[in-house]
Amino acid sequence: FGQRAWQAAFILYQALPADEVGEPGSFWHHLGVTLYHLGEYAAAEECLTRAAAAGSAERDMAAYGKWAKERSRQALPSKE
């Protein structure tokens, strides 16, 4: 996937009505992965946390959750 494909996926996820997302854990997982690849690490972390809370059992959940958290913390301005 290139950036254009991730952006297109994000647009599709935004357009889904809430009652048509299917299994919530899977939806939040896929949205989180999409946001991760778009560089939106804090939003990705939040989505992946929601996916875990909804019972998602995707095999890459732990890895993406860890990576998003690390990248999100790196993006924070230092407190000097």
Side-chain angles (χ1 to χ4, degrees):
F1 266 68
Q3 283 299 103
R4 285 180 159 208
W6 290 115
Q7 188 64 41
F10 179 68
I11 291 168
L12 288 173
Y13 284 124
Q14 283 184 307
L16 282 173
D19 60 344
E20 293 184 21
V21 299
E23 198 276 304
S26 181
F27 169 79
W28 288 113
H29 169 263
H30 293 299
L31 181 57
V33 170
T34 299
L35 287 166
Y36 177 86
H37 285 284
L38 290 172
E40 298 293 335
Y41 304 117
E45 182 182 359
E46 180 180 339
C47 289
L48 293 163
T49 299
R50 288 183 181 204
S56 176
E58 301 287 340
R59 294 184 336 151
D60 59 1
M61 274 276 299
Y64 273 107
K66 179 182 175 187
W67 298 335
K69 185 175 184 175
E70 289 171 355
R71 294 276 177 104
S72 180
R73 300 305 178 260
Q74 290 172 358
L76 292 174
S78 64
K79 297 179 181 180
E80 293 182 28

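The residues of the chain are indexed from 1 along the displayed sequence.
With sequence neighbours left out, the ring pair (Phe, Tyr, Trp, His ring centres under 6.0 Å) criterion links Tyr64 to Tyr36, His37, Trp67. Residues meeting the salt bridge (charged side-chain N to carboxylate O under 4.0 Å, His left out) test with Glu58, sequence neighbours left out: none.
Here the CZ-CZ distance, from Arg50 to Phe27, works out to 9.5 Å after rounding to the nearest 0.5 Å. The structure places CD of Glu40 at 13.0 Å from CZ of Arg71, a figure rounded to the nearest 0.5 Å. His30 NE2 to Ser56 OG: the interatomic distance, rounded to the nearest 0.5 Å, is 7.5 Å. To the nearest 0.5 Å, atoms CD (Glu46) and CG (Leu35) are separated by 9.5 Å.
Looking at heavy atoms from C-beta onward, Asp60 lies in side-chain contact with His29 at the 4.5 angstrom threshold. A heavy-atom distance below 4.5 Å is found between the side chains of Phe10 and Leu31.
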Side chain to side chain contact (heavy atoms under 4.5 Å, CB included) between Val21 and Tyr13, intermediate numbers included: CA-CA 8 Å; Val21 299; Tyr13 284 124; over 6 Å; no
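Looking at Glu23, its side chain does come within 3.5 Å of a backbone N or O of Ser26 through a donor-acceptor pair.
Annotation for Leu48 and Gly32: closest pair CG-CA, 4.1 Å, computed over non-hydrogen atoms.
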